[in-house]
**Q** 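Could you have a look at this structure, given as structure tokens, before my questions?
Each chain gets a letter, A, B and so on, in the order the sequences are listed, and its residues count up from 1. Remember, predicted model here, so these are calculated numbers, not experimental data.
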There are 2 protein chains.
Amino acid sequence: MGADGEGTKDRLRTEARDLYLEEGFAHFSLREVARRAGVSAAAVYRHYDGKEALFAEVCMAGLQLFYTYLVRAMGEPTPRSRLTATATQYLRFATENPRDYRVLFMGEPQELAVGKAAKQGPDPTFQFLIDRIRECMHARILQEGDALEVATIIWAHVHGLVSLRLSGHLSSAGDDGEFARFYERATEHLLSGLAA
Amino acid sequence: MGADGEGTKDRLRTEARDLYLEEGFAHFSLREVARRAGVSAAAVYRHYDGKEALFAEVCMAGLQLFYTYLVRAMGEPTPRSRLTATATQYLRFATENPRDYRVLFMGEPQELAVGKAAKQGPDPTFQFLIDRIRECMHARILQEGDALEVATIIWAHVHGLVSLRLSGHLSSAGDDGEFARFYERATEHLLSGLAA
DNA sequence: GTCTATAGGTGGATAGAC
DNA sequence: GTCTATCCACCTATAGAC
């Protein structure tokens, strides 16, 4: 609880995040983080156990940012609009924070393992989505049924579109604005198929 | 056209592929390939331009293998069954060759760039799928419309399921057999939604 | 075509002085 | 808490002998 607003530990955390966002996991190194923070590589070990612990901090920040997007969907008035807004915010997060999206949802088992330490517990994305779906089922907007299975289908739907886009396989879909409109059409299509 | 069945170049190619399948892109190195092939690292440069060229060979092999899966769908008798078989073979390929799937469809721009050299041209997956969909539209099994847009939706659907599975996010879906059945249900659901 | 030797670079992590 | 110095591992790539 020191009065210090910018201790070395905080500095390392923010520099680590910037480095990852700029260079990706492949070029993420403890030494470079230290360089940017203006300290020696050895100093890092006074604050973190090593490279993995440092990267876990990066993952944590990404996960928290993801929540700030999802939670905006709760500002919508109806169950239906909250569900569609969830999908919209999901795309917004991915578009505006592609590296974060990668590490959270497209990571290799390797990266994922270290990121998982930060997560601890079941995937929170999924629970939020299940809640939105249960809400819609209760309001008879979606057909009553296995909310978990429906949530998985919807998640896979948005993730499929987003991840193919981020990997460059859907560059034919135009710019971000055009893609967003296509994304909306596709999602509306799926939801109408899942309606009663 | 030499009578040699196993020249050093071939040896390097197969060892490179094995190494990638075992260790992934992160630990793929020219030196290790050379070690496994029983030659010095310098010898590799007599046969390939460098690490990138060697990895491009690996990508090529994965792409060709992918085709051998897709083409099996053509053995089905009807447009509808050819389309569903395409989805089934897509999952089979990914399940039986996860590393290949990763490098082809989940790669980072970095890996993708070098793989793209091997691909040259528009994504062949997509054309195969478009053909199956046009076939179904012509047979009135799918609603007539923008085949490209429908193909993108279906591709994103199967890719979303597959890639979340490969990333470990759908481990709750049980073993491969259980997941395959869920995958079939989900796909049937989507197709019925796309029918007239 | 293959080798050894080498140049020149990355990185993680630790020991011990201050 | 931070530093310097160090160790060790790994890598790509090239030069020149054989």
**Q** Check DNA chain D against residues 34-47 of chain A and give the residues with a non-hydrogen atom under 4.0 Å, in numerical order.
**A**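 Under 4.0 Å from DNA chain D: A:G38, A:V39, A:S40, A:A42, A:A43, A:R46, A:H47.
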
**Q** How would you list, by chain and number, every residue that makes a side-chain hydrogen bond (donor to acceptor under 3.5 Å, both in side chains) with A:R46, sequence neighbours excluded?
**A**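 In terms of side-chain hydrogen bond (donor to acceptor under 3.5 Å, both in side chains), with neighbours along the sequence ignored, A:R46 is linked to no residue.
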
**Q** With a 6.0 Å cut-off on the ring centroids, do B:Y101 and B:Y90 count as close?
**A**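 Ring centroids of B:Y101 and B:Y90 are less than 6.0 Å from each other.
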
**Q** Test of understanding: with side-chain hydrogen bond (donor to acceptor under 3.5 Å, both in side chains), list the residues that count as partners of A:S163, not counting sequence neighbours.
**A**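 Once residues adjacent in sequence are excluded, the partners of A:S163 under the side-chain hydrogen bond (donor to acceptor under 3.5 Å, both in side chains) criterion are B:H159.
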
**Q** Rounding to an integer number of Å, can you tell me how far B:E23 CD sits from D:dC10 P?
**A** 13 Å

**Q** Going 5' to 3' along DNA chain C, between which two nucleotides do contacts with chain A fall, using a heavy-atom cut-off of 4.0 Å?
**A**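 In short, chain A contacts DNA chain C from C:dG11 to C:dA15.
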
**Q** Could you list the residues that satisfy side-chain contact (heavy atoms from CB on, under 4.5 Å) with A:E144, not counting sequence neighbours?
**A** A:M137, A:R140

**Q** Of all residues at least two apart in sequence or in a different chain, which pass the side-chain hydrogen bond (donor to acceptor under 3.5 Å, both in side chains) check with B:E15?
**A**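 Per chain and number, B:E15 pairs via side-chain hydrogen bond (donor to acceptor under 3.5 Å, both in side chains) with B:R11.
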
**Q** What pairs of donor and acceptor atoms, side-chain ones from residues 188-196 of chain B against any protein atom, are under 3.5 angstrom apart with sequence neighbours left out?
**A**
{"residue": "B:E188", "atom": "OE1", "partner": "B:R80", "partner atom": "NH2", "Å": "3.4"}
{"residue": "B:E188", "atom": "OE2", "partner": "B:R80", "partner atom": "NH1", "Å": "3.2"}
{"residue": "B:S192", "atom": "OG", "partner": "B:H189", "partner atom": "O", "Å": "2.9"}

**Q** Rounded to whole Å, please give me the gap between CD in B:E32 and P in D:dA9.
**A**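 Spelled out: CD on B:E32 to P on D:dA9 is 15 Å.
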
**Q** Check side-chain contact (heavy atoms from CB on, under 4.5 Å) between B:R99 and all other residues, then give those that pass, not counting sequence neighbours.
**A**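 Only A:E108, B:Y20, B:L21 meet the side-chain contact (heavy atoms from CB on, under 4.5 Å) criterion with B:R99.
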
**Q** Using salt bridge (charged side-chain N to carboxylate O under 4.0 Å, His left out) as the criterion, list what pairs up with B:E52, not counting sequence neighbours.
**A** none

**Q** Does B:Y48 have any side-chain hydrogen bond (donor to acceptor under 3.5 Å, both in side chains) partners at least two apart in sequence or in another chain, and if so, which?
**A**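 Per chain and number, B:Y48 pairs via side-chain hydrogen bond (donor to acceptor under 3.5 Å, both in side chains) with no residue.
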
**Q** Can you name the salt bridge (charged side-chain N to carboxylate O under 4.0 Å, His left out) partners of A:E184, sequence neighbours left out?
**A** none

**Q** Can you sort out which residues in residues 13-22 of chain A have a heavy atom within less than 4.0 Å of DNA chain C? Ascending by number, please.
**A** none

**Q** D:dC11 C1' sits how many Å from B:K51 NZ, rounded?
**A** 8 Å

